[in-house]
Amino acid sequence: MQNVLTYLSLFLTILVMQGQTQPASDANAAAPTKYEKGMQEAFGLWKDNHPWEAANMFVRIAKAEPDNWLPPYYVALINVVYSFGEKDKSKLSEQLAKAQNFINDATALSPDNPDIMVVQAQLYTAWIVFDGQQYGMMYSPKASGLYEKALAIDPENPRTIMARAEWNIGSAKYFGEPVEAYCKDIERAMKNAETHPTKEEFYPRFNLERAKQVLAENCQ
Amino acid sequence: MKKSVLYFLFGILPSLLFSQTVISGVVKDNKGIPVMGANVYLEGTYDGSTTDDLGKFKFETFEVGKHTLLISYVSFEPYKMTDDVGKMNNLSITMREDVNSLETVTISAGTFSAGDNSKISVLKPLDIVTTASAVGDFVGALQTLPGTSTVAEDGRLFVRGGDADETQVFIDDIRVFTPYSPTALNVPTRGRYSPFLFDGITFSTGGYSAEYGQALSSVLLLNTIDEPTNDKTDISIMSVGLGLGQTKKWESPSAESWNQGRSLSVNAAYINLAPYIAIFPGRNDWKKPFEAFSGEAVFRQKFKDGLLKIYSAYENTDFELIQEDINYPDGIRFKLNNQNFYTNTSYSRLLKNGWGLFAGGSYTLNKTKVEIDEADIKDGQNSADLKLKFKKHFSNHFKLNFGIEQLLTDFTEDYRETSLSAKLGFNNNITAAFTEADIIFSRKLALKLGVRGEYAQLANEFSISPRASFAYKTAENSQISVAYGDFFQQAENEILKFDSALQSQHAQHYIINYQYAANNRIFRVEVYWKSYSDLVSYNDSIPNLNTQFSNMGSGYAKGLDWFWRDNESIRNFDYWISYSFLDTKREYKNYPTQATPPFANKHNLSVVGKYWIEDWRSQIGFSYQFASGRPYTDWNSPGFLEKKTKSYNSISLNWAYLISSQKILYASVNNVFAFRNVNGYQYANTPDANGYFASRELLPASDQFFMIGFFWTISQNSKDNQLKNL
């Protein structure tokens with residue numbers, strides 16, 4: 001009975017929509033490459049609220065650029081993000097199975113990548129949110145484990161710090177435990193985002209707006 | 001002329017080079033319904049589009065010549081066509097549904113699956129520990145499912161009119177020979193193994209796969225966890241004992257390494273009923289209350305495309321008591337010591353071209369020393385099961401499994417009494433081969449066909465068991481399945497030790513099942529007919545060295561099983577109701593005539609509910625078990641098994657309180673209202689002066705059972721938010 005109710009670490013983690021905003025391609029005075037055009041188009045579709053079209057575009061890029069982990073990463077991310085709140089189990093499991101395939105593809109191209117681990121953790125969270133009683137016990141230790149592993153690889157990654165803090169806030173609130181430590185994590189993530197900005201184009205980015213919102217909602 | 005041609009070509013070429021080809025069409029499913037949201041693109045290019053709500057797509061490409069157009073959408077098989085891009089306009093494409101999807105019919109006759117790996121599960125892994133009447137025992141949780149009979153004094157699984165010996169237990173598809181802990185008479189047993197080691201449980205009440213043999217009625221398949229989630233320590237302090245568990249995980253050094261991670265879990269438990277019995281003495285007169293020490297270890301090694309699991313368990317049980325007996329005013333002294341070692345090793349790997357390999361084996365060493373008054377009995381059992389199987393995935397529509405199995409049992413008994421001593425035993429080898437095909441015609445129609453052949457060395461007997469099941473989807477959320485199967489099983493050790501030449505016992509199952517599952521609600525109803533032949537019968541009340549045995553027994557069981565689970569209608573409330581109707585009679589053992597055996601109840605009802613109270617971080621559970629009376633023979637009236645005990649009732653409650661995410665306080669009470677249940681009657685061997693046989697009620701050792709426990713998990717990975725709270 002050891003684990004009996006570990007499942008009760010069920011809580012909502014709301015997602016950081018990384019990378020949703022398209023970075024300005026400042027370096028490009030020259031004509032954008034096919035890849036750049038494709039990625040920009042995909043982000044554009046996502047921004048215009050056509051996430052599934054965006055996901056399809058990312059799938060096409062993933063097939064055409066078999067050595068780049070970013071397109072499969074975004075396919076997985078979109079499928080995970082839009083699984084939150086999905087009530088139809090067969091639809092949910094199909095979406096998450098698709099996400100899992102693309103996470104596997106991305107992981108094969110870029111092992112030990114904290115951003116991919118975070119999406120994997122969020123995939124588990126989507127199951128927990130769907131049915132905490134059934135999936136909480138199974139997936140919540142897996143999700144926690146992934147956040148810790150991601151942080152061990154890159155302790156200063158603001159996106160990982162932020163995602164884990166949100167997960168922990170959900171848990172702490174549920175058990176009526178203090179959340180200050182996690183609020184500090186968020187502040188630290190915001191600071192790190194300034195000192196460690198993402199340089200590469202189309203790389204997942206820190207969502208500052210989201211961080212401010214979480215702080216305002218939980219840390220007053 | 002030449003000039004003009006060249007001129008023409010040069011003039012037109014630039015526009016050819018830069019002109020775009022339009023690719024367009026419409027995508028529908030096989031019913032003609034437009035597929036919206038499908039990804040349509042030229043393989044290896046960025047050119048593509050998504051179908052609209054009419055299934056239409058249109059995009060432009062600069063590509064020329066032959067290309068492959070790919071269309072993909074979840075729950076459909078990917079569509080491919082290779083042609084000149086110039087011809088790819090106004091296409092009309094029909095996509096084929098993917099039979100691997102959730103919507104596909106499942107073969108469900110006779111089978112209950114628990115856990116995440118099944119498409120439809122009636123029990124969730126947690127139910128095993130949160131079902132009020134189960135007290136953490138997976139067998140206890142399964143007893144709330146239809147098809148099982150309530151035999152409160154035994155604790156094992158009695159399925160559809162079958163004796164408990166007719167149910168076999170498998171861990172990772174390898175046979176477990178001694179799955180239950182030994183207990184005293186009238187004290188229900190428990191499964192030996194910790195439910196936390198398993199992430200999948202399939203309980204089949206009939207018509208099961210050709211892979212499993214030597215089970216007349218039922219199989220219980222337990223699958224161990226492939227990969228633990230993280231390092232952790234589990235501590236449990238219970239009113240009946242202590243437990244300690246430790247899991248350690250070693251990650252893979254790199255994605256390229258042959259070693260893709262390994263882990264080791266070790267559990268130890270110590271159970272001692274002495275303090276409990278001091279407070280709640282019960283009806284038994286204990287000289288040495290039940291004491292058990294058990295340890296389990298699981299090692300798992302992941303390879304690039306394989307997995308090795310080694311599971312070992314050891315248990316030592318001791319107790320001594322004076323059992324009440326109508327023939328002996330001072331009771332009968334009963335002392336038991338049991339040592340049990342079990343190990344199970346399996347290796348599975350994926351080979352090329354859709355082939356898969358599984359090799360596994362188990363070994364059991366079971367030693368029991370029993371003292372009954374002056375008799376001294378020493379039993380030793382060495383058993384092994386070796387299995388090798390292959391599977392081949394030809395397509396999503398056709399899969400094949402086949403394999404071979406060797407079962408070995410070496411049993412010895414040393415019986416000593418002042419006036420009698422005997423050495424008994426046998427050596428039983430069974431060789432089996434099986435094959436099974438899964439044919440999925442469409443999402444609506446699936447067929448499983450199998451056959452198992454067995455050669456039993458002791459009886460020099462060869463048997464063939466055909467098995468078949470078929471499922472048809474009647475509507476989006478409902479389906480009908482039917483199953484047929486032949487099953488053979490050798491007599492139990494207690495018989496084989498006297499007569500090892502007995503033939504296998506035989507059963508045939510016919511099952512029809514209807515299932516509806518949608519929105520966290522499951523409804524199942526199943527009717528079955530089972531016929532028994534070649535059952536072991538004998539001419540003495542208790543088998544002994546001089547007993548004559550034969551395979552003359554026969555019988556039948558028929559009935560209806562009904563199940564309803566609903567986790568949707570009431571917020572935070574999850575409940576299920578199981579009802580079984582059973583009509584069974586058999587003539588076997590020393591029965592003078594066909595009769596309903598004492599372990600069969602006509603009506604069985606279980607109601608289990610769990611209510612989650614958010615504000616209290618508590619789950620309150622209850623379960624109600626009802627069973628109509630079981631037959632017994634009244635020695636003071638004519639007839640055999642002609643009378644029935646009164647019906648059985650029990651209401652159990654439990655409460656799990658979550659102190660923090662890793663600390664749980666748990667309390668449960670079985671039979672809260674202390675219904676006085678009677679399991680049967682014992683009659684005196686000789687009548688009194690008036691020719692009347694005195695009798696006594698067989699009552700449970702205690703009417704109620706209380707349990708309180710504190711369970712604490714320390715996980716290294718969550719130290720930030722957990723350890724600081726210690």
Side-chain angles (χ1 to χ4, degrees), chain A residues 1-9 34-35 37-38 41 45 50 52-53 55-57 59-61 63-65 87-91 93-95 97-98 107-108 111-112 127 131 133-149 164 168 171-172 174-177 181-182, chain B residues 37-41 43-50 70 72 74-75 101-103 116 121 124-126 129-130 136 196 199 229-230 232 234-236 238 243 245 251 254-255 519-520 567 574 610 612 617 619 656 658 660-662 664 666 709 711-713 715-721 724-725:
Chain A
M1 222 154 301
Q2 296 88 325
N3 272 329
V4 177
L5 300 175
T6 324
Y7 78 89
L8 301 172
S9 357
K34 233 172 152 186
Y35 171 69
K37 267 171 75 180
E41 190 187 333
L45 283 165
H50 296 298
W52 299 113
E53 277 92 335
N56 280 347
M57 186 73 213
V59 170
R60 299 199 282 270
I61 303 171
K63 300 278 169 187
E65 307 284 335
K87 293 273 175 265
D88 179 347
K89 188 174 179 182
S90 59
K91 202 171 167 204
S93 55
E94 275 164 356
Q95 274 172 212
K98 187 174 179 184
T107 309
D112 300 327
W127 275 118
D131 184 351
Q133 211 190 353
Q134 180 162 7
Y135 299 104
M137 178 175 153
M138 192 165 31
Y139 288 146
S140 83
K142 285 193 182 189
S144 300
L146 279 165
Y147 285 122
E148 298 307 323
K149 194 175 165 186
R164 188 190 58 158
N168 283 336
S171 168
Y174 191 84
F175 292 102
E177 289 163 0
Y182 315 126
Chain B
N39 198 2
V40 186
Y41 58 104
E43 199 175 33
T45 76
Y46 288 68
D47 303 333
S49 162
T50 300
L70 254 179
S72 66
V74 285
S75 88
S101 82
L102 265 187
E103 258 111 61
D116 181 56
S121 58
K124 301 168 185 177
L126 258 178
V129 280
T130 57
F196 299 102
D199 62 356
T229 48
N230 41 43
K232 63 174 182 176
D234 294 313
I235 299 167
S236 39
M238 295 163 286
E251 300 282 348
S254 80
N519 298 327
N520 291 321
N567 191 11
D574 184 11
K610 295 158 195 215
W612 172 245
R617 298 204 301 272
Q619 181 172 275
L658 209 65
S660 74
S661 72
Q662 300 191 326
I664 296 143
Y666 180 86
F711 302 95
W712 180 15
T713 302
S715 170
Q716 302 298 314
N717 275 323
S718 304
K719 57 189 167 205
D720 272 4
N721 60 337
K724 69 183 172 52
N725 299 326

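What you see is a predicted model; the values in this text were computed from it and never measured. Sequence lines set the chain letters: A, B, ... in the order given, protein chains first and strands last, and positions in each chain run from 1.
- Most heavy-atom pairs under 4.5 Å with chain B: of the set A/Glu65, A/Gln95, A/Lys87, A/Lys98, this distinction falls to A/Glu65.
- With a threshold of 4.5 angstrom between heavy atoms, B/Ser72 does not approach chain A through any atom at all.
- Not a single donor-acceptor pair under 3.5 Å links the side chain of B/Asp234 to the backbone N or O of B/Gly245.
- Considering only residues two or more places apart in sequence or on other chains, A/Tyr35 meets the ring pair (Phe, Tyr, Trp, His ring centres under 6.0 Å) condition with A/Phe202.
- No part of B/Glu43 comes within reach of chain A, as not one of its non-hydrogen atoms sits under 4.5 angstrom from that chain.
- The side chain to side chain contact (heavy atoms under 4.5 Å, CB included) test applied to A/Glu41 returns A/Met57, not counting sequence neighbours.
- Of the two parts of A/Lys34, the backbone and the side chain both hold a non-hydrogen atom closer than 4.5 Å to a non-hydrogen atom of chain B.
- Residue A/Lys63 qualifies as open at atom NZ: its count of foreign heavy atoms under 6.0 Å is 12 or below.
- In this structure, chain A has a heavy atom under 4.5 Å from the backbone of B/Thr45, while its side chain stays farther away.
- Interatomic distance, NZ of A/Lys89 versus CH2 of A/Trp127, reported as 6.0 Å (0.5 Å rounding).
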